[in-house]
Amino acid sequence: MAGSLSAINRCSLFAYQCAVTAAAVFVRRDELSRRKFHSLSSGADSRACKLRCRFNQLIRNFSSANPAVVVADDEKDGNKQVISITPRLYDYILANVREPQILRQLREETANMRGSQMQVSPDQAQLLAILVQILGAERCIEVGVYTGYSSLAVALVLPDSGCLVACERDAKSLEIAKKYYELAGVSHKVIPKHGLAADALKSMILNGEAGSYDFAFVDAEKKMYQEYYELLLQLVRVGGVIVIDNVLWHGKVADPMVNDAKTISIRNFNKNLMEDKRVSISMVPIGDGMTVCRKK
């Protein structure tokens with residue numbers, strides 16, 4: 001099967017190379033003709049336009065044969081080619097992630113547990129860690145810890161004086177997270193909170209902690225995203241960052257035929273976030289999709 005796929009890819013690449021070469025010849029020939037006969041013919045620009053359209057169609061045909069390349073349908077976007085993550089390409093990405101041994105150990109232990117798909121991927125954790133470092137964050141919040149992979153990645157890069165409030169409702173998962181905080185030597189930076197995250201966040205606001213946090217990450221109950229976001233927006237300072245996970249929801253948010261409660265909740269949340277002028281945003285197609293929000 002792998003050999004067949006490789007052969008198909010080689011054929012697709014060959015077809016693409018032929019198409020590009022042919023299109024380049026056509027365009028070059030047209031350019032020469034245009035220069036030579038510009039004063040005689042007003043149809044050169046029209047012909048060049050047709051050739052460009054033919055070339056764009058060739059590129060689209062190639063993209064459908066090569067799943068690693070996607071071309072925007074809207075020509076106003078310039079037929080921009082973007083990467084679609086294939087298994088082979090994702091393996092390459094993971095091979096270029098600097099994953100500390102303690103995180104690898106936690107990831108491998110979690111892989112054997114029920115609900116292991118809830119754990120963020122190594123490339124996501126690396127992004128969270130570098131955002132915290134770029135921000136110079138010292139006070140962080142995580143809503144939805146599970147076994148602690150993402151929170152550990154953040155805690156590892158926090159300064160010794162830093163703190164991470166880790167909210168998780170499942171006691172068993174939180175115990176595993178706490179074990180790894182201890183093994184990694186970062187337990188003094190982490191404040192675990194067992195229970196409902198919304199209650200913990202409201203308590204922190206009542207305790208006078210509004211505007212005192214630099215960074216927050218949400219990976220919890222999807223139908224609660226809007227409430228978590230509103231609470232975190234109070235707790236995070238101006239210039240602080242909130243990152244929301246699963247905003248692409250396995251691609252379901254873009255499928256109008258999918259209308260289950262969780263998908264609708266995430267779709268509505270994304271729409272509300274798009275219209276929220278209190279933050280600057282960037283939706284990033286990493287993992288299951290993450291939106292990075294900066295409070296204005």
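Side-chain atoms are counted along with the backbone in the values below, which use heavy atoms only and exclude waters and symmetry mates. Computed from a predicted structure; not experimentally measured. In this chain, numbering begins with 1 at the start of the sequence shown.
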State, with a plain yes or no, whether a side-chain heavy atom of I205 is found less than 4.5 Å away from one of K202. no
Are the side chains of V120 and F217 in touch, meaning some heavy atoms are under 4.5 Å apart? yes
Rounded to the nearest 0.5 Å, what's the gap from CG on L231 to OG on S203? Could you check? 11.5 Å
Are V218 and D245 close enough that some pair of their side-chain heavy atoms sits under 4.5 Å apart? no
R114 atom CZ: more than 12 heavy-atom contacts under 6.0 Å: no
Answer whether the closest heavy-atom distance between the side chains of K222 and W249 falls below 4.5 Å. yes
When clusters are formed by joining ILVMFWY residues with side-chain heavy atoms under 4.5 Å apart, either directly or through shared neighbours, do V165 and L131 land in the same one? no
d(I281 CD1, R294 CZ) to nearest 0.5 Å is 14.0 Å
Taking the side chain as everything from C-beta on, heavy atoms only, tell me whether T110 gets closer than 4.5 Å to Y146. yes
Just so I know, are the side chains of S187 and K178 near enough to count as touching, which here means a heavy-atom distance under 4.5 Å? no
With a 4.5 Å heavy-atom cut-off, do Y90 and S121 have their side chains touching? yes
Assess, by modelled atom type and distance only, whether the side chains of E109 and Y180 contain a donor and an acceptor separated by less than 3.5 Å. yes
Can you establish whether the number of heavy atoms outside K172 located under 6.0 Å from its atom NZ is more than 12? no
Separation between NZ of K295 and CG of D276, rounded to the nearest 0.5 Å: 11.0 Å
Do I130 and L127 come within less than 4.5 Å of each other through their side chains, counting heavy atoms only? yes
Tell me the closest heavy-atom pair linking L235 and M204, and the distance in Å. CD2-CB, 4.0 Å
Over all atoms of both residues, closest heavy-atom pair of L158 and K189: O-NZ, 2.6 Å
Just how far is it from atom CZ of R267 to atom CG of N259, taken to the nearest 0.5 Å? 5.0 Å
Assess, by modelled atom type and distance only, whether the side chains of S173 and E168 contain a donor and an acceptor separated by less than 3.5 Å. no
Is it the case that over 12 heavy atoms from other parts of the model lie below 6.0 angstrom from the CD atom of E182? no
Point-to-point distance, once rounded to the nearest 0.5 Å, from CD1 of I264 to NZ of K252: 12.0 Å
